[in-house]
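Before any comments, here is the structure.
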Protein chains: 2
Amino acid sequence: MFIEIEPDSAIPIYLQLAQQIMEGIAREELAPETPLPSVRAFAADLSMNMHTVNKAYHYLEEKKMIEIIPKKGVFIHKDAVRSATAEEKIRMEEELRPILAEALCLQISREELAAMIEKMVREIREGSK
Amino acid sequence: MFIEIEPDSAIPIYLQLAQQIMEGIAREELAPETPLPSVRAFAADLSMNMHTVNKAYHYLEEKKMIEIIPKKGVFIHKDAVRSATAEEKIRMEEELRPILAEALCLQISREELAAMIEKMVREIREGSK
DNA sequence: CAGTTGTTATACAAATAATAGAACAGATTT
DNA sequence: AAATCTGTTCTATTATTTGTATAACAACTG
């Protein structure tokens, strides 16, 4: 799994890490039950602090995307790929909202928006940047 | 224009304000050239600090959604409703990316995603929460 | 002239982000 | 059994972001 962190991004590095792991799950490169590196090993590999990796892990655990088993290790959640709950859909809608408001101002048509989404889904699936 | 700020939200209040103004533009309640309240008046109205409103204004100015004319006032940008540039589309795609990764994990179908988008667009257009 | 405008400067408090080192207790490996 | 590895917890420090607070400036408006 290739992780690429941009230190100067406006997005905190713990979030970048969490998002890229989630992309790995989405593209099924990281299947359920797959073990993730230990916080120390991952931190060393990515040249960051153990606590930063730990924060990314707990962010993903909160989203039920990974399972943290103390003293054992961290694994992709058994139900990482699942049907969204009503609550999860509402949260997603709220995240979409400001982006859609901007899209309306910028006169992005439904067709073009659909095309942008297809493009990004393809990139996630391919693991390309 | 009704603005509702949630002080305990994870989203900074200056961003909440900026996003709700952008929604007002998207729903054409705030037409180009329309004046916005002064930083002081708006801050008093929303019970927040002048600098916080100022920060929201500059965020929107950066996005070319409003025009700040020193010593005169703040107005909805003449071209607030316009065709997106290539750069603007790329930024929007990058914002969509982590949401789509989660949507893939949560097995949101293209049809359901389209329905969610239609729902949020409708809510923005209606100005409902 | 008085009031309003966005701007700038300084200051402060709180929260967040990131790093650092150490220790703990349970699991695994040798 | 000993050594190693695991996530956890604790304390600490630094830097940045967020939000509030005052004050003053210069230009525009009534």
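It should be emphasised that the depicted structure is a prediction, and the values quoted were computed from it without experimental measurement.
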Positions of residues 38-52 of chain B (non-hydrogen atom under 4.0 Å from DNA chain D), listed by number:
B/R40, B/M48, B/N49, B/M50, B/H51, B/T52
Ignoring the backbone of B/V74, work out which of C/dG6, C/dT7, C/dA17 is nearest its side chain.
C/dG6
Below the 4.0 Å mark, does D/dT18 have OP1 or OP2 next to a side-chain nitrogen or oxygen of B/K55?
yes
When the distance from CG of B/L15 to C1' of D/dG19 is rounded to whole Å, what number comes out?
13 Å
Describe, as an angle rounded to 10 degrees, how the axis at the first end of the helix from C/dG6-D/dC25 to C/dT30-D/dA1 is tilted relative to the axis at the last end, five pairs per end.
30°
D/dT17 P sits how many Å from B/I13 CD1, rounded?
17 Å
I need the NZ-C1' distance between A/K71 and C/dG26, as an integer number of Å.
6 Å
OH of B/Y57 versus P of C/dT8: gap in Å, rounded?
17 Å
Assign A/Y14 to base, sugar-phosphate, or nothing according to its heavy-atom contacts below 4.0 angstrom with the strands shown.
sugar-phosphate
If the cut-off is 4.0 Å, is B/K72 near the phosphate of D/dA27, judged by side-chain N/O to OP1 or OP2?
no
May I ask you to test the A/T52-A/K55 pair for a side-chain heavy-atom distance under 4.5 Å?
no
Can you confirm whether more than 12 heavy atoms, excluding those of A/E126, are under 6.0 Å from its CD atom?
yes
What I want to find out is whether B/E95 reaches B/R91 closely enough, with some N-O distance under 4.0 Å, to be called a salt bridge.
yes
note: A/E67, atom CD; D/dG7, atom P; distance rounded to Å ~ 13 Å
Can you tell me how far P of C/dA15 sits from CD1 of B/I11, to the nearest Å?
19 Å
Given that A/P70 and A/P7 both sit by DNA chain C, which one's nearest nucleotide is further toward the 5' end?
A/P7
Is any side-chain nitrogen or oxygen of B/N54 closer than 4.0 Å to OP1 or OP2 of C/dT7?
yes
Heavy-atom side-chain proximity of A/I108 to B/K89 below 4.5 angstrom
yes
With the side chain counted from C-beta on, respond yes when A/I21 and A/L17 share a heavy-atom pair under 4.5 Å apart, and no when they do not.
yes
For A/E28, is the CD atom crowded, meaning more than 12 foreign heavy atoms sit under 6.0 Å from it?
no
SB check B/R82 B/E88 (cutoff 4.0 Å)
yes
Tell me if the NZ atom of B/K64 is crowded by more than 12 foreign heavy atoms within 6.0 Å.
no
Take the protein atom CG of A/L60 and the nucleotide atom P of D/dG7, then report the distance between them rounded to whole Å.
14 Å
note: B/H58, atom NE2; C/dT8, atom C1'; distance rounded to Å ~ 11 Å
